[in-house]
Peer 1: 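I'd like to ask you about the structure that follows.
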Amino acid sequence: MAWQRGQSYGQVLRDRMLGAEGSIHELAERFAVSDSYVARVRSKRRRLDQDTPGMQCNHVPLCLAGVEQAVLVKVEAQPNHTLSQWCARA
């Protein structure tokens with residue numbers, strides 16, 4: 001599976017990159033990552049003494065936040081409807 005935007009790189013890559021010698025640009029080319037990624041990983045190790053990625057958080061509320069309860073009430077009221085019937089009502 002290929003890397004996608006928003007996903008963290010694997011821990012093995014991080015460990016190999018942190019164990020390697022060279023400048024930021026050299027490591028970025030060698031491991032096919034951006035210069036800023038190498039700089040951030042090195043900085044985090046230096047500042048916090050951590051080699052693992054932190055939690056990702058984008059601070060964007062979910063689109064359906066608070067709606068799931070209303071949907072459950074409607075489905076429980078008419079449980080025999082199919083998905084196509086529910087979509088036609090929307």
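Note that the structure is predicted; figures quoted are calculated from it, not measured.
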Peer 1: Between R40 and S36 (side chain of the first, backbone of the second, donor and acceptor by atom type, cut-off under 3.5 Å), is there such a pair?
Peer 2: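 A pair under 3.5 Å: yes.
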Peer 1: Excluding sequence neighbours, so at least two apart, what forms salt bridge (Lys or Arg N to Asp or Glu O under 4.0 Å) with D51?
Peer 2: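 Scan of D51 (salt bridge (Lys or Arg N to Asp or Glu O under 4.0 Å), adjacent residues dropped) gives R45.
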Peer 1: Which atom pair, heavy atoms only, marks the closest approach of M17 to V38?
Peer 2: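 Between these two residues, the closest heavy atoms are SD-CG2, 3.5 Å.
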Peer 1: Apply the test side chain to side chain contact (heavy atoms under 4.5 Å, CB included) to residues V33 and V41: give CA-CA distance (whole Å), side-chain angles for both, the deciding distance (0.1 Å), then the verdict.
Peer 2: CA-CA 11 Å; V33 295; V41 169; over 6 Å; no
Peer 1: Looking at every non-hydrogen atom in both residues, tell me the closest pair between Y37 and R14 and how far apart they are.
Peer 2: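 Residues Y37 and R14, closest heavy atoms: OH-CG, 3.3 Å.
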Peer 1: Under the side-chain hydrogen bond (donor to acceptor under 3.5 Å, both in side chains) test, which residues partner E26, sequence neighbours left out?
Peer 2: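 Here no residue qualifies.
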Peer 1: Distance from R30 atom CZ to H25 atom NE2, nearest 0.5 Å?
Peer 2: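 So the gap between those two atoms works out to 12.0 Å.
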Peer 1: Can you name the closest pair of heavy atoms from L27 and A20 and give their distance?
Peer 2: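 The pair with the smallest heavy-atom distance is CD2-CB, 3.6 Å.
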Peer 1: Looking at every non-hydrogen atom in both residues, tell me the closest pair between Y9 and A32 and how far apart they are.
Peer 2: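 Smallest interatomic distance, heavy atoms only, reads OH-O, 4.5 Å.
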Peer 1: Could you report the tightest heavy-atom contact between D35 and A28, atom names first, then the distance?
Peer 2: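 Closest approach of D35 to A28: OD1-CB, 3.0 Å.
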Peer 1: Does any N or O in the side chain of K44 come within less than 3.5 Å of the main-chain N or O of A39, such that one atom is a donor and the other an acceptor?
Peer 2: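 Side chain of K44 to backbone of A39, a donor-acceptor pair under 3.5 Å: no, none is there.
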